[in-house]
2 protein chains.
Amino acid sequence: MSLRHAVLAALLEGEASGYDLAKGFDASVANFWMATPQQLYRELERMEGEGLVQARVVEQERRPNKRVFSLTDAGSAALHDFTATPAKPTAIRDELMVKVQAVDSGDAEAVVEAVSAQLAFSRGKLARYERLRERLLVGRGEEEYLASGGRVGPYLTLMRGLSFERENIAWAERTVGILRQRHGLVTHAVDGER
Amino acid sequence: MSLRHAVLAALLEGEASGYDLAKGFDASVANFWMATPQQLYRELERMEGEGLVQARVVEQERRPNKRVFSLTDAGSAALHDFTATPAKPTAIRDELMVKVQAVDSGDAEAVVEAVSAQLAFSRGKLARYERLRERLLVGRGEEEYLASGGRVGPYLTLMRGLSFERENIAWAERTVGILRQRHGLVTHAVDGER
DNA sequence: ATCGATTATTCAATAAGTTGACTACATGGA
DNA sequence: TCCATGTAGTCAACTTATTGAATAATCGAT
């Protein structure tokens, strides 16, 4: 039952609708806690019932109304408490790695395709993270930013995301190279590569 | 329903009991696909019913008998097919990151503790990966190994694990430093640090 | 003028995952 | 001797997560 804490953390960035959260909510929490829209809507409703978030209907012209949620004091308190509880070990489920593990008795060409797709995806994500970082720093260096007293949490998780994707890219490039050589596949340019 | 493919991939290393798999099964697949023991036992039974794996009872002295499972031809075929299907995006659920995201309005000291614990854990895991790598390479360089024609899959996923943990360590060290400075916490040695 | 995509949400049916307790035997240490 | 730990597994109850469809309005393109 920790999706709720991820949602609470996401709402620290400001109010959001279920739809906003489902769409990645400005890339914040979505990067280390994925959830389907249905999960989010249900959880938001439950949390509203428990008084952890409050809803406000925003009437929009030319598109459906939406209910935007924000933290209540009880919600902030719950999040605060959560930061002090022991964390469960990270759960990962990475199909791509399963495929790579099995590549020697699998369809090597398809695996190369899959790794290449991941590579393109990671490049996109990295670019997005880098824009986000620029926006946070607004010209300042990192030290200045850290000294300025703004929230560090989002900056630290962003840095984790950046180095994760950089590693991802380096690994995927090597992996594609090795697999292509091994299996005599033709080297061709990948989307986003130059 | 992709736990089954992770299990099939794990069985490429050789036969294993449910208990073996639950214990990480030589660190192979467990690093990118976590599952509880109950999940594994259930899935193994189902797969046996579907003919993807076969069981063999190993009678042991001074300890309970065990059922070790191995791939059948149908199982190998299923795994081969799996490598050719489009992969779903990686699912991650990382409580620690949620805590770090919320650290500015949370219990900073507890978060530092949690990141330190993760740091110790990652150091242990990295050491384990490095031993595994030694064992795979047996004195040869990487190129020799790759040229030798053994399975590349496990090597590639191992490399991913290595760089992931290295990044994890670097990030955790920086994070602990920044948070301690920010919150005026006393710097003290962490388990496994020197 | 209709088709498909986007915003925004809800419902219902399954599938998957988690938790806790329980059995059984053996080993090693206090 | 008793207790904790490790091996090896099963059962039942429960919570979460995934999938697919439905609704409803607007926008842009063909």
Side-chain angles (χ1 to χ4, degrees), chain A residues 1-8 10 15-26 29-30 32-50 53 55-69 85-95 98, chain B residues 1-8 10 15-26 29-30 32-50 53 55-69 85-95 98:
Chain A
M1 218 215 299
S2 206
L3 165 62
R4 78 182 328 148
H5 301 114
V7 171
L8 291 170
E15 54 178 23
S17 67
Y19 194 74
D20 293 331
L21 292 169
K23 294 192 60 188
F25 196 45
D26 217 17
V29 196
F32 40 87
W33 203 286
M34 271 275 316
T36 60
Q38 289 73 6
Q39 244 182 108
L40 292 166
Y41 283 117
R42 242 184 308 138
E43 193 62 36
L44 283 167
E45 220 162 279
R46 246 184 270 165
M47 290 166 87
E48 195 193 3
E50 295 174 39
V53 298
R56 182 171 72 84
V57 175
V58 174
E59 304 205 12
Q60 297 181 113
E61 284 171 38
R62 330 199 159 283
R63 86 189 35 187
N65 295 343
K66 60 179 174 180
R67 301 211 307 145
V68 295
F69 295 87
T85 63
K88 321 188 170 168
T90 312
I92 21 156
R93 254 138 237 209
D94 193 339
E95 285 199 4
V98 176
Chain B
M1 220 215 295
S2 206
L3 165 62
R4 79 183 327 148
H5 301 114
V7 172
L8 291 171
E15 53 177 24
S17 67
Y19 194 73
D20 292 332
L21 293 169
K23 293 191 60 188
F25 197 45
D26 218 17
V29 196
F32 41 86
W33 203 286
M34 269 277 315
T36 60
Q38 289 72 7
Q39 242 183 111
L40 292 167
Y41 284 118
R42 244 184 307 144
E43 194 62 35
L44 283 167
E45 220 162 280
R46 247 184 269 165
M47 290 166 88
E48 195 193 5
E50 295 174 39
V53 298
R56 181 171 73 84
V57 174
V58 173
E59 303 204 13
Q60 298 181 112
E61 285 172 36
R62 330 200 159 282
R63 85 188 38 185
N65 295 343
K66 60 179 174 181
R67 302 211 310 144
V68 296
F69 296 87
T85 62
K88 323 188 170 169
T90 312
I92 22 157
R93 252 138 237 208
D94 194 338
E95 285 199 3
V98 175

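The figures here come from the full heavy-atom set of this structure, side chains too, leaving out hydrogens, waters and symmetry mates. Chain letters run A, B, ... following the sequence lines, proteins first, then strands; residues in each count from 1.
Checked by atom type and distance alone, the side chain of A:E95 pairs as donor or acceptor with a backbone atom of B:K88 at under 3.5 Å. Put simply, the side chain of B:E15 never gets that close to the backbone of B:V68: no donor and acceptor are under 3.5 Å apart.
Closest of all the heavy-atom pairs between B:A55 and B:F69 is CB-CE2, 3.7 Å. What you find for A:L21 and A:L40 is that their closest heavy atoms are C-CD1, 3.7 Å. Residues B:N65 and B:Q60 approach most closely at OD1-N, 3.1 Å, considering heavy atoms. Closest approach of A:V98 and B:W33 over heavy atoms only: CG2-CE3, 3.9 Å. Heavy-atom minimum distance, A:G18 versus A:L44: CA-CD1, 3.6 Å.
Atom pair B:L21:CG and D:dA8:P shows a separation of 12 Å (rounding to whole Å applied). Nucleotide D:dA8 holds its C1' atom 16 Å from the CD atom of B:E15, rounded to whole Å. The nearest whole Å value for the distance from the CG atom in A:L40 to the P atom in D:dT18 is 10 Å. Residue B:Q39 contributes atom CD, which lies 13 Å from atom P of D:dA17 at whole-angstrom precision.
B:R4 comes within 4.0 angstrom of no nucleic acid atom, judged by non-hydrogen atoms across all strands. In this structure, A:R42 reaches the bases: a heavy-atom distance under 4.0 Å links it to at least one base atom across the strands shown.
Mapped onto DNA chain C by nearest heavy atom, B:W33 and A:Y41 fall at different nucleotides, with A:Y41 at the one closer to the 5' end. Residues B:F69 and A:T36 each lie close to DNA chain D; by heavy-atom proximity, the contact nearer the 5' end of the strand is made by B:F69. With the nearest nucleotide of DNA chain D identified for both B:A91 and B:E45, B:E45 has the one nearer the 5' end.
In this structure, the side chains of A:E43 and A:M47 come closer than 4.5 Å at one or more pairs of heavy atoms.
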Nucleotides 5-7 of chain D: which of its N/O atoms have a protein N/O under 3.5 Å away?
{"unit_1": "D:dT7", "atom_1": "OP1", "unit_2": "B:K23", "atom_2": "NZ", "d": "3.4"}
{"unit_1": "D:dT7", "atom_1": "OP2", "unit_2": "B:Y19", "atom_2": "OH", "d": "3.2"}
{"unit_1": "D:dT7", "atom_1": "OP2", "unit_2": "B:K23", "atom_2": "NZ", "d": "3.0"}

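Applying the 3.5 Å distance criterion, the base of D:dG9 shares no donor-acceptor pair with the side chain of B:Q38.
On the nucleic acid side, DNA chain C has its first and last nucleotide under 4.0 Å of a heavy atom of chain B at C:dA16 to C:dT27, going 5' to 3'.
Taking 4.0 Å as the cut-off between side-chain N and carboxylate O, A:R42 and A:E45 do not count as a salt-bridged pair.
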